[in-house]
Amino acid sequence: MSPSLFCKLTTVCSGESLQESSCVRPKKYVLDPEYSTQLVPCLHGEQRTRVEPKSSELEKVISSLQDMGFDEAHVNSLLSMQPTVHPQQLLDIISEFLLLGLHPEPVFMAMKKSPQLLKLSTVQMKKRSSYLRKLGLGEGKLKSLLHGCPEVFTMRQRDIESVVKVLKEKCLFTVQQITELLHRCPAVFQEDPSKLEYKFQYAYFRMGIKQRDIVRSDFLQYSVTKIKQRHMYLERLGRYQTPDKKGQTQIPNPLLKDILRVSEDEFLARTACSSAEEFEVFKKLLEREEEESESHVSEEEEEDEEEEEL
Amino acid sequence: MAAPVVRGVRKLLKLVDFTPVPRRHRYKKKWATTEPEFPASRLALQNFDMTYSVQFGDLWPSIRVSLLSEQKYSALVNNFDAWDNVSAKLEHLGAKDFVKEAISPQELEPESDLSPPPSLNYSPNLRCFTFPRGDISRFPPARLGSLGLMDYYLMDAASLLPVLALGLQPGDTVLDLCAAPGGKTLALLQTGCCRNLAANDLSTSRTGRLQKVLHSYVPQDIREGNQVRVTSWDGRRWGELEGDTYDRVLVDVPCTTDRHSLHEEENNIFQRSRKKERQMLPMLQVQLLAAGLLATKPGGHVVYSTCSLSHLQNEYVVQGAIELLANQYSVKVQVEDLSHFRKLFMDTFSFFPSCQVGELVIPNLMANFGPMYFCKMHRLP
């Protein structure tokens, strides 16, 4: 709406009938272009916020945002998060997110948590959404992905692809398993692919856990340190055995959730049946063992390289 | 980033024997005449899981995790070389002399009742440093001291207990029947009480190691005089060789060396080829202890020790040897109660509460020493 029309509107208001106005007035507020700074009363009329109407485009954006359901405070917050981003682009990207089926509040929270989302172009955004849909992460899942791991939308395509590739080709997860994995532990997207593979191999070979249980127990979200500490403690206590080639053990292994999902206190009390002070010492000893075997292996590798050169 | 992963996989696969083998090379049970060898250390662990879970019940898991984790060492100060400097250096590192700590409170607060029981005679002059409970610091390797001898000897602190319990007194003639590789022998010499020390081990290669230890720690005049004699004879013959000779005898027998057997493959006694030898161990141990008792002067003392957790190598052997001596030689031997001794060292070591005779240090992550079984006997006059 151009300022001139507004002028016409207000002059008309002063006494004459309003029937001649042809522009649609936004329901929630009134813009008075005569003043350089304007007060925009909100719905409840309690808060007053300042808006600098540099252009009518900005006004349009603000009004659209408010139409979408963002309140004044959120609108101003959004506009100041990424000053380099053009308001129209901002509006476009937010619209895209709303199209995923999210409500304004969660969208606002996501933007606040990761303001770089506002820098995405709609093209990038659409491409990423469609890639994620192809992975089986449909509408409802995209919502939780945005909530749990907004970086999924801003990451580089090739980084996501390398993670998916490892899951498919090295870990041999099925497509459905990959979907479920990414839905339940979106942080997996951000892991270094080789570390992810190592974690998988630890579960598969060292602990004898198959893909199905790896997915169901959210195994891949735990740190390697935590996994190794708890597993090796149980193993050395004699409370966990790697299944043999037939998948059998002589003792019933504790459930994965009782190993990884529980707090340390509960782990010690119920699964390990051991004391906190012993576990603390064990963790320190394990750390040292790992450090020393790392340096030992790299020494071996150096020797191998030297041999090869000869 | 392939290298770390491949390396990681190799390590993991090694651990679980999943190394991919071409189909034609895979073990085919119906055609094989011999079984594929599990590593002996794994056989040892299987054996321990079977016997010790029964013997120790709920205590077994905490012992097991300690045996499989890095053991804790102590530093035995070499009294023959600037021991006060060395003690100061070790204290500076944050370690404490556990012998001093155990003994001094006892001396400072004398009991109102009569003199302490005989078993509280502990061998003197032993200074041995450890880091506090739960502290996993390591000692730096021993170095040459100012007098050209090594400053301290790194050993499992529990190994000192049999020597302490033996209760040497100045001027004693001492026999160490199975002396190699020499840690306890060295400790015996550190007491300064040995008028004569006879150190023996059947294996000549192991006596060689013993000689090296003595060379590095003990002054030449003590080594080369009449004071120390090293031999490689069969310990079982000592009753005939030197019967009724010694004031104090230490019989630290060959055993299944439980901790060692879980980590070292070489010469592991749990190899299938050594099964017969392992099964004969208790009998050998009884014979050695009997010989040690016969070599003791009437009125003298013997300490029997092993580094195994097994009842069959510990209490059963003590009881068997005492019976043998009573029946075949009419020699009366009495076991000495070491419970007061045990109480002295309770803060440093974890003891098994239910030994029928003798005491057993069990490994625990807070104090990862042992296993060490020891039992003190008195040959009645």
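Order of the sequence lines sets the chain letters (A, B, ...), proteins ahead of strands, with each chain counted from 1. Any value given below was found using the heavy atoms of this structure, including those in side chains, with hydrogens, waters and symmetry copies removed.
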Practice problem: With a 4.5 Å cut-off on heavy-atom pairs, point out which of B:Glu70, B:Arg138, B:Arg133 contacts chain A the most. | Solution: B:Arg138
Practice problem: Under 4.5 Å, counting heavy-atom pairs only, tell me which of B:Gly134, B:Pro61, B:Ser66 racks up the most with chain A. | Solution: B:Pro61
Is [X] atom [atom1] crowded by more than 12 heavy atoms from other residues, nucleotides or ligands, each under 6.0 Å away?
{"X": "B:Lys275", "atom1": "NZ", "answer": "no"}
{"X": "A:Lys226", "atom1": "NZ", "answer": "yes"}
{"X": "A:Lys127", "atom1": "NZ", "answer": "no"}
{"X": "B:Tyr73", "atom1": "OH", "answer": "no"}
{"X": "A:Tyr204", "atom1": "OH", "answer": "no"}
{"X": "A:Lys283", "atom1": "NZ", "answer": "yes"}
{"X": "A:Gln248", "atom1": "CD", "answer": "yes"}

Self-check item: Side chain / backbone / both / neither for B:Asn364 at chain A, heavy atoms under 4.5 Å
Solution: side chain
Quiz item: Can you tell me how far CG of B:Leu68 sits from CZ of A:Phe282, rounded to the nearest 0.5 angstrom?
Solution: 9.0 Å
Quiz item: For A:Leu285 and B:Leu365, what are the C-alpha separation, side-chain angles and deciding distance, and is it a side-chain contact (heavy atoms from CB on, under 4.5 Å)?
Solution: CA-CA 9 Å; A:Leu285 286 172; B:Leu365 283 172; 4.0 Å; yes
Quiz item: Under the 3.5 angstrom rule, does the side chain of B:Arg64 hit a backbone N or O of A:Glu235 as a donor-acceptor pair?
Solution: yes
Self-check item: Interface residue of largest heavy-atom contact number with chain B, from A:Glu277, A:Lys284, A:Lys170, under 4.5 Å
Solution: A:Glu277
Practice problem: With a 4.5 Å cut-off on heavy-atom pairs, point out which of A:Glu280, A:Glu278, A:Glu289 contacts chain B the most. | Solution: A:Glu278
Quiz item: Which heavy-atom pair separates B:Ile136 from A:Arg288 by the least distance, and what is that distance?
Solution: O-NH1, 2.8 Å
